[in-house]
Number of protein chains: 2
Amino acid sequence: MPRPSRWPDLVHAAGEEFRERGYDNATLESIGARVGILKGSVYNYVGSKEELLLAVVEQPARALLAELDRLRADTGSSVAMRLRELVHTQVRIFADYYPAAFVYLQHVGRFRSPAFAQFDDMDKDYIAAIESLLAEGVRTGEFSLAGEPAVAARAIVGMLDWMQHWFTPHGEEADARLADQLFALALGGLHAAGGVHGVTKGIGRTAAPVVPPGG
Amino acid sequence: MPRPSRWPDLVHAAGEEFRERGYDNATLESIGARVGILKGSVYNYVGSKEELLLAVVEQPARALLAELDRLRADTGSSVAMRLRELVHTQVRIFADYYPAAFVYLQHVGRFRSPAFAQFDDMDKDYIAAIESLLAEGVRTGEFSLAGEPAVAARAIVGMLDWMQHWFTPHGEEADARLADQLFALALGGLHAAGGVHGVTKGIGRTAAPVVPPGG
DNA sequence: CGTTGGCAAACGCCCGGTCGTTTCTGTCCG
DNA sequence: CGGACAGAAACGACCGGGCGTTTGCCAACG
């Protein structure tokens, strides 16, 4: 039996351990145990615990970054189609980088070390991009949003990012169906937020912005 | 100058510390420092660190539990109005119990100690209640949901619970406006998810459920 | 025989929790 | 008025365990 370097196994084991217990509660002993070695031996492959976290988080983060670039580059499709692409891609990332993507979400915005600052920045870029995407939809009249794009963007991001608490991959097809459902919910909310439905009549006339600029 | 017991101050300080650093990274020394005493003195008021977490999380949890009861008891109003009430109440809880409510959300579903098991149970009840609320809306024809109520419920919960990453209280009025926006987004998504909009045509015909029963 | 990679043990730090001691305050007597 | 006393509350040194990290040693292998 060939004995490949255990680095990838350790990263994978760390991802699962971080997801189940959280980075702080996960121990190198338990991570090592997953690949059948003791914690001291882990250091034959790993420089530090933080390096493991970085490795876990790196791949989904890069995938998300690529999606961000794609979203910004795409100016041809309608806003709805771009949003659909966004939702589908994010669900795909959850499935493909499971559970690493969940570890990323658990820690985003809370990274301490400067080595992770790029991820926090990326997160801000991501929400800003969605925000301006929605603003574009309003500007071009594709839908009419009574509220602020900042709120809608955060609602959509929340819907997607909260998936870490309930989503498990069920194959490409089922995951795509799920993405469709989420997309329909998101897009419908945008269309309806113009005040179509009677229940919202007379409310939501926003004078002052409700989300601070810093967000 | 009267010298009240420092228990409430300590709970408040702990709430802020837990929110900013996370429970694990927060130290009794830093919590004590916030009220001007050393960590040894903290134990004049506090039995353990976990007791502090319990105290922080208790009040917002009770408020949420009350909302859950209210939601279940209310069978007179329309599903939309009940959903509106739900959204408004949750935003109010965020504002009133800031930052304690955020600490609760950070830890919900991840509590280790049996003293916190009740909260995890409550969380499950909460999402189940929303799920059956949406199912009722479909049954009575108030809206037509092509997807599964389980998905829509989780999308709404995600939208609300993710607020921990961006919401800060801005006064009763502004917060209510924000709740209205969120409600409009949620309700619109439900109405539209029946397949009203052309973009969703031909997709989202769910044959197999996409969220496992255990969720 | 050198390299690889495993193990066991130890180190050092952090932090929750304990405890003997001090300091302050207010009250009760003489 | 003033000294004795009690209780509250703060201090700060210390303990013990957990865990990241280091180190020394040894077995297997080419």
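Chain A is the first sequence line, chain B the second, and so forth, proteins listed ahead of strands; every chain is numbered from 1.
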Atom pairs, N/O to N/O, protein against nucleotides 1-4 of chain C, distance under 3.5 Å?
none

What protein N or O atoms touch nucleotides 23-30 of chain D N or O atoms at under 3.5 angstrom, if any, and at what distances?
none

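Remark: A:E29 engages A:T27, A:K39 in a side-chain contact (heavy atoms from CB on, under 4.5 Å) (not counting sequence neighbours). Residues satisfying the salt bridge (Lys or Arg N to Asp or Glu O under 4.0 Å) test with B:E20, not counting sequence neighbours, are B:R34. Qualifying side-chain contact (heavy atoms from CB on, under 4.5 Å) partners for B:A100, counting only residues two or more places apart in sequence or in other chains: B:V56, B:P60, B:Y97. By the side chain to side chain donor-acceptor pair (under 3.5 Å) test, B:E67 is found to be paired with B:R70, B:T89, residues two or more places apart in sequence or in another chain being considered. B:R62 is linked by a side-chain contact (heavy atoms from CB on, under 4.5 Å) to B:E58, counting only residues two or more places apart in sequence or in another chain. Every residue two or more places apart in sequence or in another chain that forms a side chain to side chain donor-acceptor pair (under 3.5 Å) with B:D74 is listed here: B:S77. With sequence neighbours excluded, the residues satisfying side-chain contact (heavy atoms from CB on, under 4.5 Å) with A:S113 are A:E50, A:A115, A:F116. Annotation: side chain to side chain donor-acceptor pair (under 3.5 Å) contacts of B:D69 (sequence neighbours excluded): none.
Side-chain atoms of A:H170 come within 3.5 Å of backbone N or O of A:T168 as a donor-acceptor pair.
Going from atom CD1 of B:I37 over to atom C1' of D:dC11 covers 11 Å, rounded to whole Å. Between the CG atom of B:L38 and the C1' atom of D:dA10 there is a distance of 8 Å, given to the nearest Å. In this structure, A:E51 atom CD and D:dT21 atom C1' are separated by 13 Å, rounded to whole Å. Following rounding to the nearest Å, B:N44 (CG) and C:dT23 (P) show an atom-to-atom distance of 17 Å. To the nearest angstrom, C1' of C:dG5 lies 9 Å from CZ of A:R6.
Looking at residues 10-31 of chain B, you'll see B:A26, B:T27, B:L28 sit with a heavy atom under 4.0 Å from some atom of DNA chain C.
No hydrogens or angles were tested; on distance alone, a donor-acceptor pair under 3.5 Å links the side chain of A:K39 to the base of D:dG20.
When B:F167, B:F183, B:F94 are each tested for a side-chain contact (heavy atoms from CB on, under 4.5 Å) with B:L178, only one passes: B:F167.
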Just distance, no hydrogens or angles: give the donor-acceptor pairs under 3.5 Å from side chains in residues 119-132 of chain A, sequence neighbours left out.
from, atom 1, to, atom 2, distance (Å)
A:D120, OD1, A:G109, N, 2.8
A:Y126, OH, A:Q90, OE1, 2.8
A:E131, OE1, A:R154, NH1, 3.4
A:S132, OG, A:A129, O, 3.1

